[in-house]
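In what follows, chains are A, B, ... by sequence order, proteins preceding strands, each numbered from 1.
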Amino acid sequence: QQQVKQSPQSLIVQKGGISIINCAYENTAFDYFPWYQQFPGKGPALLIAIRPDVSEKKEGRFTISFNKSAKQFSLHIMDSQPGDSATYFCAARGSGNTGKLIFGQGTTLQVKP
Amino acid sequence: GAVVSQHPSWVICKSGTSVKIECRSLDFQATTMFWYRQFPKQSLMLMATSNEGSKATYEQGVEKDKFLINHASLTLSTLTVTSAHPEDSSFYICSAIPLRTVTDTQYFGPGTRLTVL
């Protein structure tokens with residue numbers, strides 16, 4: 001119940017295309033859903049995050065779509081660029097005010113020029 | 001703002017020795033810091049939650065006597081890998097949540113690559 005399932009494992013997109021990464025969860029007590037971007041050998045950096053009372057959030061080329069009833073959320077990267085090539089992790093914050101994040105398995109995105 | 005640093009960025013040690021990794025919040029205070037480990041091409045695995053002035057809370061399966069965590073101040077947490085073995089080789093990443101803020105954001109450090117020979 002504490003898992004967050006992420007797909008696909010890897011993704012190849014042409015420059016200018018839309019990259020879509022999906023995550024699903026079981027625990028309805030999760031209250032915060034961030035997406036992190038990680039480059040090789042670096043720590044994760046927050047991209048965008050959403051709370052379950054909002055169905056969509058957009059920041060620049062990045063959009064989170066959130067479906068509370070389906071317990072799914074996704075990251076859309078519009079106009080994907082080669083510089084977006086990285087590993088993306090979705091996460092969910094557990095209940096109980098501990099701040100603990102549970103991460104998805106990660107998606108390696110390659111944007112071809 | 002909200003920068004988290006780690007030192008060292010990489011370390012190589014001999015089997016049986018202990019290694020200390022520091023995690024600092026540079027421009028904010030944090031009562032709570034987290035320690036993760038990450039194997040190549042895998043996700044982040046939470047090891048423990050570090051709370052300032054109290055004992056760390058370890059995740060199931062993480063040996064607390066092997067991975068010693070000290071959170072002595074609001075800006076510093078340390079992870080000591082005791083009697084390191086090759087299987088402890090990994091990428092260790094810390095994160096911190098700013099104190100007294102409405103943000104949900106957890107800020108991550110750049111990671112420390114540990115190689116045990």
Side-chain angles (χ1 to χ4, degrees), chain A residues 1-11 21 23 25 30-54 57 59 64 66 73 85-110, chain B residues 1-10 21 23-25 30-52 54 56-62 90-99 101-115:
Chain A
Q1 246 207 343
Q2 291 294 315
Q3 283 187 327
V4 177
K5 295 183 179 180
Q6 184 172 345
S7 63
Q9 186 175 356
S10 62
L11 182 61
I21 305 170
C23 284
Y25 64 97
F30 289 154
D31 64 354
Y32 171 70
F33 301 86
W35 284 90
Y36 283 86
Q37 179 189 56
Q38 186 181 31
F39 292 103
K42 305 294 184 184
L46 179 68
L47 261 183
I48 186 171
I50 199 167
R51 284 184 166 272
D53 53 350
V54 177
K57 184 175 181 180
E59 290 184 0
I64 298 179
F66 189 86
F73 59 110
S85 298
T87 300
Y88 293 81
F89 293 97
C90 63
R93 185 172 65 187
S95 56
N97 209 30
T98 63
K100 287 166 51 171
L101 291 177
I102 297 163
F103 282 84
Q105 294 81 359
T107 297
T108 301
L109 170 65
Q110 181 184 358
Chain B
V3 177
V4 175
S5 71
Q6 284 184 238
H7 179 79
S9 55
W10 60 269
I21 302 170
C23 176
R24 291 181 185 273
S25 54
T31 53
T32 302
M33 292 183 173
F34 301 91
W35 286 96
Y36 297 83
R37 67 187 298 182
Q38 185 178 35
F39 292 107
K41 299 190 184 302
Q42 292 190 23
S43 188
L44 286 79
M45 185 189 78
L46 180 65
M47 298 174 66
T49 302
S50 168
N51 293 298
E52 186 265 338
S54 64
T57 304
Y58 291 82
E59 295 299 303
Q60 192 173 6
V62 177
S90 188
F91 193 50
Y92 292 87
I93 310 171
C94 70
S95 69
I97 299 176
L99 174 66
T101 177
V102 297
T103 183
D104 296 302
T105 303
Q106 193 172 126
Y107 296 95
F108 283 79
T112 296
R113 173 77 57 194
L114 170 63
T115 302

Legend entry - Over 12 foreign heavy atoms within 6.0 Å of CD, A:Glu59: yes
Inset, instruction - Pick whichever of A:Gly41, A:Ala91, A:Gly106 has the most heavy-atom pairs under 4.5 Å with chain B. - result: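 Top count of heavy-atom pairs under 4.5 Å with chain B: A:Gly41.
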Inset, instruction - With rounding to the nearest 0.5 Å, note down the distance linking CD in B:Glu59 to NZ in A:Lys100. - result: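 Interatomic distance, B:Glu59 CD to A:Lys100 NZ, rounded to 0.5 Å: 3.5 Å.
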At a 4.5 Å cut-off on heavy atoms, which part of [X] comes close to chain B: side chain, backbone, both, or neither?
X	result
A:Phe103	both
A:Leu101	both
A:Pro44	both

Legend entry - Sub-4.5 Å side-chain heavy-atom contact between A:Gln38 and B:Gln38: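 Heavy-atom side-chain distance check passes, below 4.5 Å.
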Legend entry - Per-residue contacts, residues 39-46 of chain B versus chain A, heavy atoms under 4.5 Å: B:Gln42, B:Ser43, B:Leu44, B:Leu46
